[in-house]
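What follows is a short report on a single structure.
Naming: A, B, ... by sequence-line order, numbering from 1 per chain. Computed from heavy atoms alone, side chains included, the values below leave out hydrogens, waters and symmetry copies.
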There are 2 protein chains.
Amino acid sequence: MGAQPAKSYPVPSVRRLPLYLRLLRQLNAQGRDAVSCTYIAEDLGLGTVQVRKDLAMTGIVGRPKVGYPVPALIDAIESFLGWDHATVALLVGVGGLGSAILGYEDFKSHGLNIVVAFDVDPMKIGRRVHGKDVLPMEALAERAAQIRALVGIVTVPAAAAQEVTGQLVRAGIRAIWNFSPVNLEVPDSVVVQNVRFVDSLAVLSQRLNQILTPD
Amino acid sequence: MGAQPAKSYPVPSVRRLPLYLRLLRQLNAQGRDAVSCTYIAEDLGLGTVQVRKDLAMTGIVGRPKVGYPVPALIDAIESFLGWDHATVALLVGVGGLGSAILGYEDFKSHGLNIVVAFDVDPMKIGRRVHGKDVLPMEALAERAAQIRALVGIVTVPAAAAQEVTGQLVRAGIRAIWNFSPVNLEVPDSVVVQNVRFVDSLAVLSQRLNQILTPD
DNA sequence: TAGATTGTTAATCGATTAACAATC
DNA sequence: TAGATTGTTAATCGATTAACAATC
């Protein structure tokens, strides 16, 4: 008895799963029913052992000489990530990035169903963006409960991010996908995943610097 | 003689630099002229040794008992990343995400100057988006040379990403910031940095799954 | 001086890769 | 059967963390 160790998987491996999934869906569409690690590794520029380890994480079992069954592997990855069912999400902050995310059709095939958006701007409230209603912040708590939203997407300016996060947490949201540069404070019962463009830009800049100054 | 080993820095450390920079700029605006690792680590939720190692990478030297001089540390980070001068960038693919990036003012304070955009859509060509001209793809090579663009931002649909990348490489671009899900092929002389939303979503989904199913 | 803080060397931890046994 | 491929255990590599010496 007591709290389970809550088996944790390597983040780098989890991050690679969508890469596999994309390739596998292509292969599936082409009617291929089996694929080997060698093939996947070759195509994605990874090591064969790494691919095997990553895939093993999802519970899939391959067959020597044959490889992995494509449809079963797709199912295994989707089920491991919870992408076999749609998770209800809402978005706060209908600026440029928020609007782009509302219009990004791909999330649907990745387990995320963005149902409604919220903003403080009276010019935006009442409109529909990519088919989704933009409601006032005051409606957040009630609507979130109504639709049983589990994920909150934060695309507000930095100054508003923590305040919005508090509202999301109080509204019963369990995961926050944060596109603002702020380090959000949340209770342990809520998960935060950050997407910070400038972090990625730093790596780009540093590597560009390096190839430009052969010093 | 011979090719230098080209000293490489840990990617995780480089990715953390914008986090430090953001805090330091805040402190600087408040007029603080020195800051300790303890303070930084506390504020960002990191370890003090990690902060020291990361900052040491930029060449900054601190003073025991005092800490680091804030303005000098900002300069050190900016110069390490090449953010002390604007790097000229162009963007290809003026869809939702592309437009959002064109309007994202923050990149200017992170060394990136997005000068012009390109698209294939006749409805978009000739327009201005967030003050930037949208030109036809045919104009890419000439304009890229004219403005001496070093960075190409790829925000086109997956199907077009590799083709566009080829055009960018031929136009003399040295770094590609790729927002498409495709693994781009480029020569060794060109750097690619990927931003893939669904990779981040995978981590979010898996962690959400984990807190929802206490199993 | 005493003590806070930096800088560095050594130990730990976790992910990747290599070696090899198992199996269809 | 032979050989390709999976699955796993051990070795390596790199990043983080701990211990401690240096210094203002």
Side-chain angles (χ1 to χ4, degrees), chain A residues 5-17 19-20 23-24 27 32-74 76-77 80 199 202-203 206-207 210, chain B residues 5-17 19-20 23-24 27 32-74 76-77 80 199 202-203 206-207 210:
Chain A
K7 178 167 189 183
S8 87
Y9 301 95
V11 171
S13 294
V14 175
R15 284 190 78 93
R16 280 190 294 270
L17 292 181
L19 210 59
Y20 300 128
L23 173 61
L24 291 164
L27 294 174
R32 281 195 53 165
D33 47 35
V35 65
S36 72
C37 280
T38 328
Y39 183 93
I40 296 174
E42 172 78 10
D43 192 278
L44 300 176
L46 304 171
T48 57
V49 185
Q50 184 167 67
V51 173
R52 272 201 290 281
K53 271 255 167 78
D54 288 347
L55 299 183
M57 178 173 67
T58 68
I60 192 77
V61 175
R63 285 204 326 210
K65 179 91 176 163
V66 180
Y68 301 87
V70 173
L73 185 43
I74 292 174
I77 294 174
F80 179 81
D199 295 2
V203 179
Q206 195 271 326
R207 295 208 285 153
Q210 207 152 50
Chain B
K7 178 169 187 183
S8 87
Y9 301 95
V11 172
S13 294
V14 175
R15 284 190 77 94
R16 279 189 295 269
L17 292 181
L19 210 60
Y20 300 128
L23 174 61
L24 290 163
L27 294 174
R32 279 195 56 166
D33 46 37
V35 66
S36 72
C37 280
T38 327
Y39 184 92
I40 296 175
E42 172 77 11
D43 192 279
L44 301 176
L46 305 172
T48 57
V49 185
Q50 184 168 66
V51 174
R52 272 202 289 282
K53 270 254 167 77
D54 288 346
L55 298 182
M57 177 173 70
T58 69
I60 192 76
V61 175
R63 287 203 329 209
K65 178 90 179 163
V66 181
Y68 301 87
V70 173
L73 185 44
I74 291 174
I77 295 174
F80 179 80
D199 295 3
V203 180
Q206 195 271 325
R207 295 208 285 152
Q210 206 151 52

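For the pair B/Met57 and B/Val14, the minimum side-chain heavy-atom distance is below 4.5 Å. The side-chain heavy atoms of A/Asp199 and A/Val203, taken from C-beta on, include no pair separated by under 4.5 Å. Side-chain contact check for B/Leu44 versus B/Arg16: every heavy-atom pair is 4.5 Å or farther apart.
The side chain of A/Lys65 approaches D/dG3 more closely than any other nucleotide in the set C/dA15, C/dT6, D/dG3. Taking only side-chain atoms of A/Arg16, from C-beta outward, the nucleotide of C/dT16, D/dT23, C/dT23 with the closest atom is C/dT16. Among the nucleotides C/dA15, D/dT16, C/dA4, the one closest to any side-chain atom of B/Gln50 is D/dT16. Set against D/dT6, D/dT16, C/dT6, the side chain of A/Cys37 has D/dT6 as its closest nucleotide. When each of D/dA4, D/dA15, C/dA15 is scored by its nearest atom to the side-chain atoms of A/Pro12, the top-ranked nucleotide is C/dA15.
Across all strands shown, D/dT16 forms a Watson-Crick or G-U wobble pair, both distances under 3.5 Å, with C/dA11. Pairing of C/dT5, defined by two Watson-Crick or G-U wobble distances under 3.5 Å, is identified with D/dA22.
A/Tyr68 has no side-chain polar atom (N or O) that falls below the 4.0 Å cut-off from OP1 or OP2 of C/dC24. Taking side-chain N and O atoms only, A/Arg15 has no distance below 4.0 Å to OP1 or OP2 of C/dA15. For the OP1/OP2 pair of C/dT6 and a distance below 4.0 Å, the side-chain nitrogens and oxygens of B/Arg52 include at least one atom meeting the criterion.
Of the options A/Leu27, A/Ile60, A/Val61, a side-chain contact (heavy atoms from CB on, under 4.5 Å) to A/Leu73 is made by A/Ile60 and by none of the others.
The CZ atom of A/Arg63 sits 11 Å away from the C1' atom of C/dT23 (whole-angstrom rounding). Going from atom CG of A/Asp54 over to atom P of C/dT17 covers 10 Å, rounded to whole Å. Protein atom CG of A/Leu44 is 14 Å distant from nucleotide atom P of C/dT16, rounded to whole Å. When rounded to the nearest whole Å, the span between CD1 of A/Ile60 and P of D/dT5 equals 17 Å. At whole-Å resolution of the value, CE in B/Met57 and C1' in C/dT6 are 17 Å apart.
Closest-nucleotide positions on DNA chain C for B/Lys53 and B/Val35 were compared, and the one nearer the 5' end corresponds to B/Val35.
No more than 12 heavy atoms of other residues, nucleotides or ligands lie within 6.0 Å of CZ in B/Arg63, so this atom counts as exposed by the packing criterion.
In this structure, A/Gly47 reaches neither bases nor backbone, as no heavy-atom distance under 4.0 Å exists between it and the strands shown.
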